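Have a look at the structure below before the remarks.
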Protein chains: 2
Amino acid sequence: MFRVLLRMEFLPTTPNNKNLEQKIIDLLKRSSLSVTDSRKKILESFFQKNSALAHADIELQVGDEFDRVTIYRTLQTFVDKGIIHTIPTPDNAVLYALCKDSCSAGHHHDNHVHFICDNCNKTYCLEHVVVPTIAMPNNFIASQIDMVVSGVCDFCNASS
Amino acid sequence: MFRVLLRMEFLPTTPNNKNLEQKIIDLLKRSSLSVTDSRKKILESFFQKNSALAHADIELQVGDEFDRVTIYRTLQTFVDKGIIHTIPTPDNAVLYALCKDSCSAGHHHDNHVHFICDNCNKTYCLEHVVVPTIAMPNNFIASQIDMVVSGVCDFCNASS
DNA sequence: TAGGTTTTGCAACTATGTTGCAATAGCTTA
DNA sequence: TAAGCTATTGCAACATAGTTGCAAAACCTA
Ligand SMILES: [Zn+2]
Ligand SMILES: [Zn+2]
Ligand SMILES: [Zn+2]
Ligand SMILES: [Zn+2]
């Protein structure tokens, strides 16, 4: 029992972390950013959590190690470089999530729907659900559409 | 010249204001709210501007007369009573706009698309553009959908 | 108009986000 | 690999947004 637990928690994470760190370093270099501890740690949070994060979430995770201001600036830098995108939410908290490869500095293409679970409060990028185009009234010209869906996510539905 | 200006600004607004004030009083009573100066003035702003307002906009208009806190509480009360609804925006400012008659205390039905003009920065309720339903991934259940479109509004398009 | 009830203003507080600047860390090249 | 340049970070101070408790004032009912 104890060995099983060890195997599940430790053995796989050691090589994964190596891979992940290299992946993160590559991503930073590809984005012409210098590789610093705070950037690595913050990116690591995104890759590990695999859901959208608020500034406050990140501060909880790495706030002892890095200053609030550094986190703000790092997130802004990542947005500028096309590494993460922002998600507007109905209750007006800014969330951030990793972009797919198609985004680059100054040019985001995150035209997917976002989903917020009312139960577990996690926010997901529904990468495969594209925001539909809609007919605008006369002389209104749409350049960007944000669609945020709230409800109950698959995990919460399964466990109830 | 001077008389024309007077006619345009004063004559029509006097009867309109009377009508408007009565309309506002009726709305407050219908919502089981006592009729106070701040509530009247704040509602008046919404009816006159005819576009979404932020707390800051309202504070600019009536901030000399009423306290910041009163404005916050009044807006919250109006939302609770189904008089105004909130609009989530990509840049994370809370906006408020008048509801149609179908909303009531605790039950909003504002399933229309919102439009934010990048040029004049006004936000509109596109009452006639209903938010489309979309197919959710397996086991995700949608209960609410927010759709916010940015671009250039009809007025800004006409004047360029 | 008097009474109880609701609303308001004030003060203090928390949370969130920004800016300037000096110290530090990262990168480049010799 | 070490020096020097540049980019990043931490700190302090500030700015804005929003919340809470409580006493005073306004509102509604009878
Ligand atoms: Zn992106
Ligand atoms: Zn996303
Ligand atoms: Zn409503
Ligand atoms: Zn609306």
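Lettering of chains follows the sequences in order, A, B, ..., and the numbering in each one begins at 1. Because the structure is a prediction, the values reported are computed rather than measured.
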Rounded to whole Å, how long is the line connecting atom [atom1] of [X] with atom [atom2] of [N]?
{"X": "A:L33", "N": "C:dG26", "atom1": "CG", "atom2": "P", "result": "14 Å"}
{"X": "B:R68", "N": "C:dC13", "atom1": "CZ", "atom2": "C1'", "result": "11 Å"}
{"X": "B:Y72", "N": "C:dT7", "atom1": "OH", "atom2": "C1'", "result": "18 Å"}
{"X": "B:D80", "N": "C:dT6", "atom1": "CG", "atom2": "C1'", "result": "15 Å"}
{"X": "B:Q76", "N": "C:dT8", "atom1": "CD", "atom2": "P", "result": "14 Å"}
{"X": "A:F66", "N": "C:dT24", "atom1": "CZ", "atom2": "P", "result": "17 Å"}
{"X": "A:L95", "N": "C:dT16", "atom1": "CG", "atom2": "P", "result": "12 Å"}
{"X": "A:K29", "N": "C:dC27", "atom1": "NZ", "atom2": "C1'", "result": "10 Å"}

Next on the checklist: Quick check on DNA chain C: between B:V69 and B:S32, whose nearest nucleotide comes earlier from the 5' end?
Outcome noted: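 Here B:S32 is the residue nearer the 5' end.
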Next on the checklist: I want to confirm an ordering. Mapping A:S34 and B:A56 to their closest nucleotides on DNA chain D, which one lands closer to the 5' end?
Outcome noted: A:S34
Item to check | Residue mapping more 5' on DNA chain D - nearest nucleotide basis, B:V35 or B:E59 | outcome: B:E59
Next on the checklist: Given C:dG9, C:dT7, C:dT19, identify the nucleotide with an atom nearest to the side chain of B:T70.
Outcome noted: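 For the B:T70 side chain, the nearest candidate turns out to be C:dG9.
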Next on the checklist: Give me each pair satisfying ring-ring contact (aromatic ring centres under 6.0 Å, His included) with a member in residues 26-49 of chain B, each pair once, sequence neighbours excluded.
Outcome noted: none
Item to check | Outermost nucleotides of DNA chain D that come under 4.0 Å of a non-hydrogen atom of chain A | outcome: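 Both ends considered, the range comes out as D:dA7 to D:dA12.
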Considering every strand and a 4.0 Å limit on heavy-atom distances, what is the contact class for [X]: base, sugar-phosphate, or nothing?
{"X": "B:E65", "answer": "sugar-phosphate"}
{"X": "B:T77", "answer": "nothing"}
{"X": "A:R39", "answer": "sugar-phosphate"}

Next on the checklist: Quiz question: by atom type and distance under 3.5 Å, do the side chains of B:Q61 and B:D57 form a donor-acceptor pair?
Outcome noted: no
Next on the checklist: Has A:H85 got a side-chain atom pairing as donor or acceptor with A:H109's backbone, closer than 3.5 angstrom?
Outcome noted: no
Item to check | side chain to side chain contact (heavy atoms under 4.5 Å, CB included) partners of A:A105, counting only residues at least two apart | outcome: A:K81
Checklist entry - Which atoms form the tightest heavy-atom contact between A:T89 and B:P88, and what is the distance? => result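 Heavy-atom minimum between the residues: O-CB, 3.7 Å.
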Next on the checklist: Do A:L53 and A:S45 have side chains that approach each other closer than 4.5 Å (heavy atoms only, starting at C-beta)?
Outcome noted: yes
Checklist entry - Under a 4.5 Å cut-off applied to non-hydrogen side-chain atoms, are A:F155 and A:N119 in contact? => result no
